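Single-structure report; data block below.
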Number of protein chains: 2
Amino acid sequence: MAGIREQKKSETKRAILAAAVKLFAEKSFDKTSIEDIAKEAGIGKTTIYGYYNKKNEIFHDFCDEELDLAFSKLKPSDCDDRPLTEKLIDFFMIQFVFVTKNREFGRQMSREMVFPCEINDKAKIHDQRYFDILENYIAAAQNRGEVSTKHDHFNMSVHFFSLYLGLLAGWYTGYLESLSQVEETMRTLFTQVLKGIEK
Amino acid sequence: MAGIREQKKSETKRAILAAAVKLFAEKSFDKTSIEDIAKEAGIGKTTIYGYYNKKNEIFHDFCDEELDLAFSKLKPSDCDDRPLTEKLIDFFMIQFVFVTKNREFGRQMSREMVFPCEINDKAKIHDQRYFDILENYIAAAQNRGEVSTKHDHFNMSVHFFSLYLGLLAGWYTGYLESLSQVEETMRTLFTQVLKGIEK
DNA sequence: GTGTAAAATCGAATGGGTTCGAGATTAAGA
DNA sequence: TCTTAATCTCGAACCCATTCGATTTTACAC
């Protein structure tokens with residue numbers, strides 16, 4: 001029975017997340033205290049711990065919302081038969097721009113996503129969605145005869161995703177400073193995978 | 001003039017780092033408080049802030065020491081003419097094992113190294129050392145005619161390093177669970193770069 | 001309705017990182 | 001040697017995440 005309790009509970013949770021989203025966007029994760037969130041949500045700060053065990057978890061939910069938003073901008077467009085490289089560059093550049101738009105937010109989110117505190121299933125679902133899109137692109141390229149069928153879809157996705165990670169790392173460690181530099185390097189690396197560097 | 005002041009200052013700094021290294025190893029970063037470190041170093045906890053602005057910075061110095069240790073285990077061995085892939089796998093697996101030996105330490109360190117709070121020059125020096133080794137391997141492989149000379153050394157290093165990052169991410173997100181799995185995937189990915197996935 | 005167990009809420013307390021400010025120490029010139 | 005300004009040091013204070021414990025609210029059986 002969806003009793004009053006259940007209802008209130010999910011309402012409160014939504015209120016907390018809404019408050020957090022608002023404040024994280026206004027200030028930042030670090031500058032938003034649990035008390036701020038509680039006040040904004042109109043509850044006592046201790047109450048939040050009935051819904052989230054760590055401040056981090058709120059951030060996680062926040063990221064989920066943000067990522068949903070980002071994904072919604074990615075049109076599948078199956079009938080797009082541009083070269084794989086171009087499609088991948090579009091895909092990853094959208095991600096990249098989105099994630100790094102606010103430097104600090106992107107850094108925190110990347111940390112949580114790439115090196116999470118604990119292995120978590122919700123994150124895996126996200127990753128799965130990510131890799132599904134990549135595998136789709138790759139399968140299409142294979143059908144067009146652009147890419148060898150020798151390799152595993154998954155491993156190729158991992159490969160491209162790793163390169164994306166490398167670029168993110170380059171951004172945050174200071175090697176890459178402009179988006180055009182990022183895109184150029186991305187193109188170089190993607191070409192390396194396709195052509196191979198052997199011989 | 002290396003006055004008393006200078007001397008004392010660097011002595012104190014060394015004492016702090018030594019205390020921190022000891023305690024981080026015994027417990028962990030999170031479970032070691034600034035006060036613990038101060039007590040171990042025989043100073044007041046506020047004094048530490050004369051040497052480090054954030055607890056994180058102590059961890060950074062700690063990582064530097066640890067990485068020096070790890071690097072010291074990597075013999076250059078110029079006369080090693082095994083295939084590039086094998087040399088790279090050795091190189092990265094040593095790193096990987098070292099970094100993930102203690103899961104929590106590796107996670108924290110990776111976060112700091114890959115997505116640092118602020119761009120910092122000391123980190124760049126480390127990275128440089130890292131890439132120098134990789135570029136050496138690659139140059140040697142080019143001399144042996146194993147690898148095309150078309151590509152930039154640096155970009156190839158970045159490529160391999162990115163794949164290493166991807167594996168680390170796989171470890172911490174739970175896709176890779178055993179070292180043999182890591183090594184196998186690493187070999188697959190490295191082969192992809194060399195051969196190319198095209199056609 | 002009433003009693004009761006489970007769950008939710010929140011004020012108060014804890015612990016740890018960081019800052020403040022006052023007192024101690026040093027460098028260096030007179 | 002004395003003075004003074006800069007630097008070091010550290011106890012007290014502050015802020016914030018998280019936990020405790022007591023109180024209130026809900027669900028449900030009788």
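Predicted model, so just to flag it, every value in this text is computed and none were measured. In what follows, chains are A, B, ... by sequence order, proteins preceding strands, each numbered from 1. What you see below is based on every heavy atom in this structure, not just the backbone, and it leaves out hydrogens, waters and symmetry mates.
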### Query
From the list C:dC10, C:dG17, D:dA17, which nucleotide is the closest neighbour of the side chain of B:Tyr49?
C:dG17
### Summary
Given the options A:Lys45, A:Lys27, A:Lys22, A:Asp36 meets salt bridge (Lys or Arg N to Asp or Glu O under 4.0 Å) only with A:Lys27
### B:Ile43 CD1 to D:dT7 P, straight-line distance once rounded to whole Å
19 Å
### Between P of C:dA7 and CD of A:Glu11, the distance in whole Å
20 Å
### Query
Which of the following nucleotides, D:dT18, D:dT9, C:dG17, is nearest to the side chain of B:Lys55?
C:dG17
### Query
Atom CD of A:Glu35 and atom P of C:dG11: how far apart are they, to the nearest Å?
10 Å
### Message
For B:Glu112 and B:Asn56, which I'm curious about, is there any donor-acceptor pair between the side chains at under 3.5 Å?
### Response
yes
### Task
Specify the separation, in whole Å, of atom CG of A:Asp30 and atom P of C:dG17.
15 Å
### Query
Closer than 4.0 Å, any side-chain N/O of A:Tyr52 to the OP1 or OP2 of D:dT18?
no
### Message
Please compare A:Thr46 and A:Thr32 by the position of their nearest nucleotide in DNA chain D and report the one closer to 5'.
### Response
A:Thr32
### Query
Rounded to whole angstroms, how far apart are NZ on A:Lys31 and C1' on D:dA17?
18 Å
### Task
Report which part of the nucleic acid B:Ser33 touches: base, sugar-phosphate, or nothing (heavy-atom distance under 4.0 Å, all strands).
sugar-phosphate
#### Entry: For atom CD1 of A:Ile34 and atom P of C:dG15, their distance in whole Å
19 Å
### Query
Given atom OH of A:Tyr51 and atom P of D:dT18, what is their separation to the nearest angstrom?
18 Å
### Query
What is the distance from CD1 of A:Ile48 to P of C:dT9, rounded to the nearest Å?
11 Å
### Task
Would you check if A:Val158 and B:Leu163 make a side-chain contact, meaning some heavy-atom pair closer than 4.5 Å?
no
### Task
Determine, using the 4.5 Å side-chain heavy-atom cutoff (strictly less than), whether B:Ile119 and A:Val99 are members of one ILVMFWY cluster.
no
### Message
Quick check: do B:Tyr164 and B:Leu88 have side-chain heavy atoms less than 4.5 Å from each other?
### Response
no
### Query
Looking at C:dT9, C:dT18, D:dT18, which one has an atom nearest to any side-chain atom of B:Lys45?
C:dT18
